[in-house]
Amino acid sequence: MGDDWKRQIDRLHEGLVRRDDPTEWVTEADAVDASYRYPHLTLRGPVFGLAARNPDADADWRLLRPAISGTPQEARDSLNSLLWFKAKDDTDDPRRRRELLGAVSVLEHEPVDELTVLGVRYRVVRGDEFARSGANGLEPPRPTDPPPTDPSWEGRHEAPSRDLDFALTPDRDDGFMAGAMKLALKGFAYSGAWFPADVRHDSERAVASHPDVALLPVGFGVVERHGRGWLPKGALMPTPHDARRLLFDGMTEFWPLLHKFTDRRRAQYAQAAEQFKAAGQADEVRVGDTLFRICRIERMVRSGPDGPEPPRPSDQDDYGPTKIHPTMDEDGTIHHGN
């Protein structure tokens, strides 16, 4: 460990001691315990979101769309829709609508990762998603992780993402253990022969071009193990309970339809789901030889002098730019079918 790294750790510790916040001490103790029980980082891969920076001199880059998309083009499409609906709903000025629709037209034809529209800079941002792991597999939720906004198990509930309006500021005081993690991740780059050469090269270059690290709000997902490996199953959720609901709904509603379960298998999953629900805050459930676990997911975004890192040349898309919404005139008239 270099002297500069030690000095930064010492400053983080001094700040924690100075605040003397009992709640924060419990959270930090929880994080320290997790670092021993789950000492390894398991990389899932890149994620993409949409951020914006207002023209104010001291404005931060803030997330407008959660950093959960699997490809850059998904995030570009979210910017396409955002600007189209701004043109439709947020202005009656033909000049402003014309500029918004001009940006939409660019996004329909080019895989651009940054646009300035009406003074606001929009950027597709790239992050990496990872989980901690140990002898018992991937890390489940911690006791100090966020409580649900809706603790129920019934009805439809759209769990609000904690990413929205999140400031991508690497110097944020996230606490002692998070600060140590950011320092440790500064030099992180993809390695190993299983990564293509261009992926490794882009990752190494990003360490120099975007040396700072911002940690995004922790998320929670469902993973399954059938044999040796863990596989993600479903979307990233903002709280452990939301992930538990996702698992329960999957077992009782969605997976039986999607995978065309037999009556016997449907009943087997329903029984296991009810037992999981009755346990209240369980993090695992087994059905036959398949183990499902609620997993704690972390994400990082690199940042440089000009802000958060955009997609890398080696990042892959499943499809290209396309027209998503109907044509709109500068006066707001929408032409369906065009």
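Heavy-atom basis, side chains included; hydrogens, waters and symmetry copies ignored. This chain uses plain numbering: 1 for the first residue, then up along the sequence.
- By the side chain to side chain donor-acceptor pair (under 3.5 Å) test, Y36 is found to be paired with no residue, residues two or more places apart in sequence or in another chain being considered.
- There is no side-chain donor-acceptor pair under 3.5 Å between Q268 and R265.
- With respect to the salt-bridge test (charged N to carboxylate O, under 4.0 angstrom), the residues E224 and K233 qualify.
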Worked check of side chain to side chain contact (heavy atoms under 4.5 Å, CB included) between H201 and R205:
CA-CA 6 Å; H201 173 73; R205 185 173 57 184; 4.2 Å; yes
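- When the side chain to side chain donor-acceptor pair (under 3.5 Å) test is applied to Y190, the partners found at least two apart in sequence or on another chain are R126, D128.
- In this structure, K277 pairs ionically with E154, as a charged nitrogen and a carboxylate oxygen lie closer than 4.0 Å.
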What verdict does the side chain to side chain contact (heavy atoms under 4.5 Å, CB included) test give for Y122 and L83, after you've listed the backbone C-alpha separation in whole Å, the side-chain angles of each residue and the deciding distance to 0.1 Å?
CA-CA 10 Å; Y122 298 92; L83 297 177; 4.0 Å; yes
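- Side-chain contact between F188 and L43 is present, with heavy atoms from C-beta onward closer than 4.5 Å.
- Ion pairing of E129 with R299 is absent here, as no side-chain N (NZ or NE/NH1/NH2) approaches a carboxylate O to less than 4.0 Å.
- Between P240 and I294 the shortest heavy-atom distance is O-CG2, 4.3 Å.
- Counting only heavy atoms from C-beta outward, the side chains of L231 and V223 never approach each other to under 4.5 Å.
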Worked check of side chain to side chain contact (heavy atoms under 4.5 Å, CB included) between V213 and R302:
CA-CA 5 Å; V213 171; R302 287 195 167 275; 4.2 Å; yes
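- The two residues P170 and L168 come nearest to each other via the heavy atoms CD-O, 3.5 Å.
- Of all heavy-atom pairs spanning A131 and C295, the tightest one is CB-SG, 3.9 Å.
- With respect to R65 and D163, no salt bridge is recorded, no charged nitrogen being found less than 4.0 Å from a carboxylate O.
- Look at D93 and R97 and you find no salt bridge, because none of the NZ, NE, NH1 or NH2 atoms lies under 4.0 Å from a carboxylate O.
- At a threshold of 4.5 Å between side-chain heavy atoms, the hydrophobic network of Ile, Leu, Val, Met, Phe, Trp and Tyr places Y269 and V222 in one connected group.
- With sequence neighbours left out, T239 forms a side chain to side chain donor-acceptor pair (under 3.5 Å) with D242.
- Between R142 and D145 there is no salt bridge, since no side-chain N of the basic residue sits under 4.0 Å from a carboxylate O of the acidic one.
- Formation of a donor-acceptor pair under 3.5 Å by the K182 side chain with backbone atoms of D174 is not found in this model.
- R293 and D283 are not joined by a salt bridge, as no carboxylate oxygen comes within less than 4.0 angstrom of a charged side-chain nitrogen.
- Under the side-chain hydrogen bond (donor to acceptor under 3.5 Å, both in side chains) test applied with D306, the options R123, R53, H210 reduce to a single match, R123.
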